[in-house]
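In what follows, a single structure is set out as C-alpha cells and then discussed.
As a basis for the values below, the full set of heavy atoms in this structure was taken, side chains included, without hydrogen atoms, waters or symmetry mates.
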Protein chains: 2
Amino acid sequence: MKKIKVKCWVEDEGEKFYGPGPNELLKRIQEEGSLSRAASKMEMSYKKAWELVQRLNQHAEEPLVILKKGGQHGGGAEVTPQGLEIMREFENLQRKIAELVEQQTDLIKVLK
Amino acid sequence: MKKIKVKCWVEDEGEKFYGPGPNELLKRIQEEGSLSRAASKMEMSYKKAWELVQRLNQHAEEPLVILKKGGQHGGGAEVTPQGLEIMREFENLQRKIAELVEQQTDLIKVLK
DNA sequence: TGGCGATATATACGTTTATACATAACGCTT
DNA sequence: AAGCGTTATGTATAAACGTATATATCGCCA
C-alpha cells in the first residue's frame, strides 16, 4: 500500500527553526509543565529537548518557552502566549496541506 | 528571514519509495543516459544511486529505469515510460503544494 | 541546613548513514 | 584477443547524530 507523505517546517536563514518535533514538544510542555517529563513522554532525550528550546527562544522575536529552575517544585517549563500562537498557526498549516494531499489521487493511481 | 519549507514523498509499506532525490536522479538519467554520470552530476555516490534504482524497480509495478552493461558504449541507463509518468505526476503534486504554501502568510506574520 | 525535583552542561559511547576505494563482470569494437 | 566505458558489488573508513551517563546548579520547604 503506497501513501503520499508530506512534512512542513519553518527555516530561519536556512537553519531549521520550527517543525513537527518542536511543535510536539511545546504541546507536551503545556501538558506536563516540565521539560524533562515532556521530553521523556515523547521519547526525546532531555539534552535534545533543552537545546531545542534554546534554539526556539533565540530565533523567535520573543521566548516561546520559559524554563525555571529551583523553587517549590524544583523548577518547571511553561509555554508563552507567543508559543501558543505559533502552535496554533503551524497546526493550521499542517491541516491545510494534509487536506490538499488527500485530494490528490493521480500519483497514487500511477503507482498502483 | 523566515521561510516555510515543505517536502513530499511516497512510502510503500512504511518504507521510503519515491521523493525529491529519486526524482532528480531520474531526471539526470534522462539527460545523461548513464547512471554513473547522473550520480556524479548531482553529487551522489554511484553506489547510492544504484541501490536507489534497485529499490525503485522492486517497489514499482514495472521498472522505472533500465540499466544495461557492456556493449557499444559500455552500457547505459534509460528511464522507462512508467518512470516518466511518475516524474510528471510527482512534480505536479510538488507544484500544487508549493502554490498552497505560498498563499499561507499567517504563520510567517506570527514569526515576523 | 539538608533534601528534593527540576534545569544546566560536558563527555563518552553506539548507531546510523554516506562516502571513498578497489575489483569484477559485461559486451561491443577494433 | 585486447581495450574501452559502464554497470555490479564488497569492504573499510569517516562523518553526523542521538543517547546514555554523570555531575553541577538552583531555590523552596521542612
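In this structure, A:E32 places its CD atom 16 Å from P of C:dG5, rounding to the nearest Å. When the P atom of C:dC26 is taken as reference, atom CG of B:L35 falls 18 Å away, rounded to whole Å. Between the P atom of D:dA8 and the CD1 atom of B:I66 lies a distance of 11 Å, rounded to the nearest Å. C:dA6 atom P lies 14 Å from atom CD1 of A:I29, rounded to whole Å. Atoms CG (A:L67) and C1' (C:dG5) sit 15 Å apart, rounded to a whole Å.
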Write down the protein N/O and nucleotide N/O pairs, taken from nucleotides 27-30 of chain C, whose separation is under 3.5 Å; answer none if there are no such pairs.
unit_1, atom_1, unit_2, atom_2, d
C:dG27, O4', B:G71, N, 3.2
C:dG27, N3, B:G71, N, 3.4

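Ion pair A:E99/A:R95 flagged as a salt bridge, since at least one NZ, NE, NH1 or NH2 atom sits closer than 4.0 Å to an Asp/Glu carboxylate oxygen. Residues A:K41 and A:E32 are paired through a salt bridge, judged by an N-O separation under 4.0 Å between the basic side chain and the carboxylate. Salt bridge B:E91/B:K27: present, at least one basic N to carboxylate O contact under 4.0 Å. A salt bridge is defined here as a Lys NZ or Arg NE, NH1 or NH2 lying under 4.0 Å from an Asp or Glu carboxylate O, and B:E13 with A:K3 fails to meet this definition. Taking a cutoff of 4.0 Å between a charged side-chain nitrogen and a carboxylate oxygen, B:R28 and B:E24 qualify as a salt bridge.
Ring geometry for A:F17 against A:H59 counts as tilted: the plane angle lies between 30° and 60°, on a 0 to 90° scale.
Contact record, B:Q54 with B:L67: NE2-CD1, 4.0 Å, taken as the closest heavy-atom pair.
A donor-acceptor contact closer than 3.5 angstrom links the side chains of A:Q82 and A:T80.
For D:dT6, the OP1/OP2 oxygens have no side-chain nitrogen or oxygen of B:S36 closer than 4.0 Å.
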How would you summarise protein contacts on nucleotides 9-23 of chain D per nucleotide, using B for base, S for sugar-phosphate only and - for none, with heavy-atom distances below 4.0 Å? BBB------SS----
